[in-house]
Amino acid sequence: MAAGTIALGAATLGYAVGIERRRFTLRTAELPVLAPGTPPFTILHVSDLHMLPGHQAKQRWVAALGELEPDLIVNTGDNLSHRTAVPSVLRALGPLLDRPGVFVFGSNDYYAPKPKNPARYLMPRGKKKRIHGTQLPWRDLRAAFVEHGWVDLTHVRRTVDVGGRAVFAAGVDDPHLHRDRYSDIAGPADTTAAVRLGVTHSPEPRVLDTFATDGYDLVLAGHTHGGQLRIPGYGAIITNCELDRSRARGASRWGARMWLHVSAGLGTSPYAPARFACPPEASLLTLVPRGSGASDPRKPAPRKAAKPVR
C-alpha cells in the first residue's frame with residue numbers, strides 16, 4: 001500500500017511538473033456586458049507569464065495568439081521572473097503589440113521570485129512576512145509596451161479606441177503589494193463608452209467593490225494562477241489573496257451588474273514549477289450585448305489545448 005501511494009504521488013508530481021505546466025490552453029468565454037444592439041468585440045486576456053529567458057516554447061505559443069486578431073489585448077501583469085527576461089517577453093508578445101492594448105504590472109514585474117516554504121500560502125494572510133527578491137527591469141518593459149502604443153493603466157483613467165468604439169478603462173497598481181491607490185481613479189465611469197473596463201493584477205475584493213461602485217462593466221485580473229494546484233471536484237485550494245476559491249479562475253458576477261474575469265495565467269514561479277488540474281492559459285473573451293442569450297460564463301468555458309511542448 002505504501003509503495004503504491006508513493007508511486008502514485010511520484011506519477012502525479014511528474015505529470016504536474018513535466019506535462020501540465022506546458023499544456024498551454026486557450027480558454028474562451030462570452031461576457032454579456034455591452035448595451036443592446038452593440039456589435040460584439042474580443043479581448044485577449046494575458047497574465048502571469050512569469051517568463052524566463054529559456055521559455056522558448058511559451059514564447060512561440062503566445063506569439064501564435066496573434067493569429068486570433070483580437071480587438072483589444074489586456075495584460076494583467078507578472079510578466080517577468082528574471083532580470084534578463086524583458087527581450088523574451090517582447091518576443092512572446094511581439095505580434096500582439098501592434099494591436100490596441102492596456103496593461104498593469106504585478107509583484108513579479110517589480111521583484112524576482114524567491115524560494116518560499118509552500119506552507120506559508122496556507123497561513124492567514126496577516127501572519128505572512130512579505131518576501132521580495134531582487135528588483136526587475138520593469139521600467140524597460142513599460143517603455144517597450146508604451147512605445148508600441150499600449151496604455152499603462154496604473155492609476156490612470158483612459159478612453160481607448162478599439163475599432164472605432166470607445167472603451168473606458170482604468171487600473172490600479174498591484175494590490176498584492178498594497179501599491180493600489182484607487183483614490184487616484186475614483187469616480188463614476190464614463191457612461192457614454194461602449195464598455196467600462198477595470199484592470200488589476202490581484203483581484204482583491206476591496207478593489208473590486210470600488211470598481212463596482214463606480215459603474216464598471218467588467219474587471220480583469222490575474223495573480224491567482226487559478227489555484228495552480230486544483231483538486232478535481234473541489235477546485236482551487238488557495239487563491240493567494242482575499243478572493244474566494246470559487247472565483248480563482250474564469251468569469252463570475254461581482255455585485256448586481258459587474259462581471260469579473262480572473263486568468264489562471266501562463267506560468268509559475270521557477271521555485272514551484274508545477275500545475276495540476278489547472279493548465280496554463282490565455283483567455284479570448286467575446287463581449288456581447290446584455291440579454292443576448294450568451295452562454296453562462298460561470299460554467300466551464302470551452303478550451304482549446306495545444307499539444308504539450310518541451
Side-chain angles (χ1 to χ4, degrees), residues 27 29-34 43 45-48 72 74-78 102-109 121 124-126 128 151-158 160 167-191 193 195-228 235-236 238-265 281 283 285 287 290 296-299 301:
R27 182 183 290 270
E30 289 186 349
L31 299 178
V33 299
L34 302 179
I43 293 176
H45 185 185
V46 177
S47 194
D48 296 86
L72 177 68
V74 177
N75 182 312
T76 49
D78 273 10
V102 298
F103 67 95
V104 295
F105 283 151
S107 58
N108 285 138
D109 293 304
Y121 290 104
R125 194 175 184 193
K128 297 178 185 178
V151 177
D152 183 358
L153 288 179
T154 305
H155 301 139
V156 166
R157 292 156 55 104
R158 186 70 54 82
V160 180
V167 173
F168 183 78
V172 294
D173 208 347
D174 188 9
H176 184 64
L177 295 180
H178 300 285
R179 295 173 68 119
D180 56 302
R181 300 193 310 271
Y182 192 89
S183 59
D184 287 1
I185 59 168
D190 184 358
T191 57
V195 66
R196 289 148 289 276
L197 182 67
V199 183
T200 178
H201 176 64
S202 179
E204 299 293 347
R206 70 176 189 275
V207 175
L208 302 178
D209 286 344
T210 48
F211 273 123
T213 297
D214 280 344
Y216 286 81
D217 300 302
L218 170 64
V219 172
L220 272 61
H223 178 71
T224 67
H225 294 191
Q228 191 164 322
I238 58 170
T239 64
N240 197 27
C241 64
E242 297 299 325
L243 190 71
D244 55 283
R245 293 186 307 100
S246 67
R247 303 174 192 266
R249 178 180 71 182
S252 61
R253 293 296 295 267
W254 191 272
R257 187 177 184 278
M258 194 175 82
W259 286 91
L260 167 68
H261 184 267
V262 179
S263 170
E281 68 177 36
S283 300
L285 310 176
L287 307 192
R290 293 182 291 273
D296 188 347
R298 290 168 292 183
K299 298 179 181 178

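Note that the numbering runs from 1 along the sequence shown for the chain. The analysis underlying the following values was restricted to heavy atoms, covering all of them including side chains, and did not include hydrogens, waters or symmetry mates.
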S.K.: Under 3.5 Å, is there a donor-acceptor pair between the side chain of R196 and the main chain of D190?
M.R.: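 Confirmed, R196 side chain pairs with D190 backbone.
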S.K.: Heavy atoms, side chains only, cut-off 4.5 Å: are V167 and V102 in contact?
M.R.: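 The answer is no; the side chains never approach within 4.5 Å.
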S.K.: Is any side-chain heavy atom of H223 closer than 4.5 Å to a side-chain heavy atom of C241?
M.R.: yes
S.K.: Is the shortest heavy-atom distance from the side chain of H176 to the side chain of N240 under 4.5 Å?
M.R.: yes
S.K.: Name all residues meeting the side-chain contact (heavy atoms from CB on, under 4.5 Å) criterion together with R158; count only those two or more places apart in sequence or in a different chain, and write none if there are none.
M.R.: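 For R158 the side-chain contact (heavy atoms from CB on, under 4.5 Å) partners, ignoring immediate neighbours, are V151, L153, V156, V160.
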S.K.: For the CG atom of L285 and the CD atom of E30, what is their distance to the nearest 0.5 Å?
M.R.: 10.5 Å
S.K.: Quick one: does any side-chain atom of R245 pair with a main-chain N or O of I238 as donor and acceptor, under 3.5 Å?
M.R.: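 Pair absent, no side-chain N/O of R245 close to backbone of I238.
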S.K.: Can you see which heavy atom on A170 is nearest to which on I185, and at what distance?
M.R.: CB-CD1, 4.0 Å
S.K.: Of all heavy-atom pairs between G226 and A236, which one has the smallest distance, and what is that distance?
M.R.: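 That would be O-CB, 3.6 Å.
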S.K.: Using side-chain heavy atoms (C-beta onward) and a distance below 4.5 Å, is W254 in contact with R247?
M.R.: yes
S.K.: By ring pair (Phe, Tyr, Trp, His ring centres under 6.0 Å), which residues pair with Y216, not counting sequence neighbours?
M.R.: F211
S.K.: List for me each residue that meets ring pair (Phe, Tyr, Trp, His ring centres under 6.0 Å) alongside H45, sequence neighbours excluded, and say none if there are none.
M.R.: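 H261.
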S.K.: Is D109 reaching over with its side chain to a backbone N or O of G106, donor-acceptor style, under 3.5 angstrom?
M.R.: yes
S.K.: Quick one: do L260 and L243 satisfy side chain to side chain contact (heavy atoms under 4.5 Å, CB included)? Show the steps, please.
M.R.: CA-CA 11 Å; L260 167 68; L243 190 71; 4.1 Å; yes
S.K.: Show the nearest heavy-atom pair for residues S252 and W259, with the distance to one decimal.
M.R.: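 Scanning both residues completely, I find the closest heavy atoms to be O-CE3, 3.3 Å.
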S.K.: Check the pair L220 / I43 against side chain to side chain contact (heavy atoms under 4.5 Å, CB included), numbers first and verdict last.
M.R.: CA-CA 10 Å; L220 272 61; I43 293 176; 4.0 Å; yes
S.K.: Minimum heavy-atom separation for T239 to A248, with atom names?
M.R.: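 Shortest heavy-atom separation between T239 and A248 comes out as CG2-CB, 3.8 Å.
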S.K.: Out of D180, D173, T76, D78, which residue meets the side-chain hydrogen bond (donor to acceptor under 3.5 Å, both in side chains) rule with H201?
M.R.: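 Exactly one candidate clears the test, D78.
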S.K.: With a 4.5 Å heavy-atom cut-off, do L34 and V195 have their side chains touching?
M.R.: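 In contact.
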S.K.: Any heavy-atom pair between the side chains of P203 and T224 that's under 4.5 Å?
M.R.: yes
S.K.: Nearest heavy-atom pair of P205 and E242: which atoms, and what distance?
M.R.: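 Looking at all heavy atoms of both residues, the closest pair is CD-CB, 3.6 Å.
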S.K.: Can you name the nearest heavy-atom pair linking V74 to L197, along with the distance?
M.R.: CG2-CD2, 4.0 Å
S.K.: Less than 4.0 angstrom from a charged side-chain N to a carboxylate O is my criterion; do D217 and R257 meet it?
M.R.: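 Salt bridge: yes.
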S.K.: Would you call D152 and F103 a side-chain contact if the rule is heavy atoms closer than 4.5 Å?
M.R.: yes
